[in-house]
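Structure, as structure tokens:
No hydrogens, no waters, no symmetry mates; every other heavy atom, side chains included, goes into these values.
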Amino acid sequence: MLDEEYMEMCLAEAREAWDEEEVPVGALVADESGTVIARAHNATRSRIDPTAHAEMLAIREASLRRGNYRLTGCTLFVTMEPCAMCAGAIVEARLERLVFGCHDAKRGAFGSVIDVNTLPLNHRVKVSGGILENKSADLLKQFFTLRRGTEVAITGPTRNRLYV
């Protein structure tokens, strides 16, 4: 299967996140043979859990399915460049490859803001970014455009501009 086909599956997951009023990011893990062993989408709001990013949930599910926290030989596909938290999990899981859609200029940890592959860590991930980039970016832009102006006027460290 082509990277674009896996990314279409991730976009379907991202649309499910949108339907649940979550930031529309979707992810999946494919094993060495190309079989999808885990799928997930953002669920931070519904789970009341800041770690419930699509990548984290997909990595957890894949680890449980394989019975091993090491996902060597596996590829993580995700619609948006992972943040630093997710990058740490990707390295810890020893994923072989990361394929993502759009770059994240505000929090991206595989080249946009930082690049964890340049840190002196004991594992490097093969990275392919920009796969179906426009589709991924457009979905996020539409989501945030619809919410613009609906934010609660809260300032300070508890500010959350996404939801009323």
Side-chain angles (χ1 to χ4, degrees), residues 1-47 49-112 115-117 123-147 162:
M1 200 178 318
L2 300 173
D3 287 351
E4 291 80 5
E5 294 173 279
Y6 289 108
M7 196 58 68
E8 287 288 356
M9 289 186 245
C10 290
L11 284 163
E13 283 289 332
R15 289 182 199 97
E16 285 187 42
W18 177 314
D19 292 343
E20 296 170 14
E21 298 185 17
E22 299 280 358
V23 175
V25 175
L28 67 81
V29 175
D31 69 12
E32 303 89 333
S33 69
T35 301
V36 175
I37 59 172
R39 298 171 187 248
H41 55 269
N42 274 1
T44 56
R45 189 164 181 238
S46 61
R47 293 184 182 207
D49 179 357
T51 70
H53 289 194
E55 303 95 307
M56 300 292 282
L57 297 174
I59 290 168
R60 285 179 190 140
E61 182 181 333
S63 296
L64 289 171
R65 289 225 170 122
R66 286 185 70 151
N68 192 335
Y69 68 101
R70 297 285 193 227
L71 298 174
T72 55
C74 293
T75 300
L76 174 70
F77 293 85
V78 62
T79 56
M80 185 167 77
E81 179 183 3
C83 69
M85 174 184 68
C86 295
I90 290 165
V91 170
E92 288 301 315
R94 304 297 192 268
L95 283 152
E96 181 174 328
R97 207 170 151 236
L98 165 67
V99 179
F100 67 85
C102 61
H103 292 81
D104 185 351
K106 294 181 181 180
R107 301 179 320 135
F110 282 94
S112 292
D115 187 347
V116 298
N117 274 336
H123 180 70
R124 302 258 185 291
V125 181
K126 296 173 191 166
V127 179
S128 299
I131 308 301
L132 299 187
E133 183 168 18
N134 291 337
K135 284 185 173 185
S136 297
D138 288 348
L139 189 62
L140 286 160
K141 286 175 192 169
Q142 290 169 16
F143 178 82
F144 287 111
T145 297
L146 288 172
R147 279 146 183 80
L162 285 179

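- Under the 4.0 Å criterion applied to side-chain N and carboxylate O atoms, Glu8 and Lys135 are assigned as salt-bridge partners.
- Ala27 approaches Ala58 most closely through the heavy-atom pair CB-CB, 4.2 Å.
- Val99 is not listed as a side-chain neighbour of Leu76, based on a closest heavy-atom distance of 4.5 Å or more.
- Looking at Arg97 and Asp3, a side-chain N of the basic residue comes within less than 4.0 Å of a carboxylate O on the acidic one, giving a salt bridge.
- Looking only at atom types and distance, the side chain of Thr72 has no donor-acceptor partner in the side chain of Arg66 under 3.5 Å away.
- Remark: the Thr44 side chain and the Asn42 side chain contain no N/O donor-acceptor pair separated by less than 3.5 Å.
- With values rounded to the nearest 0.5 angstrom, Glu92 atom CD is found 11.5 Å from Leu71 atom CG.
- Checking Ser46 against Glu20 by side-chain atom types alone, no donor-acceptor pair falls below 3.5 Å.
- Of the options Ile131, Leu2, Leu28, Val78, a side chain to side chain contact (heavy atoms under 4.5 Å, CB included) to Met7 is made by Ile131 and by none of the others.
- The shortest distance between side-chain heavy atoms of Tyr6 and Met1 falls below 4.5 Å.
- For the residue pair Glu133/His103, the side-chain donor-acceptor check at 3.5 Å is satisfied.
- With hydrogens and angles ignored, the 3.5 Å screen pairs a side-chain donor or acceptor of Arg94 with a backbone N or O of Val91.
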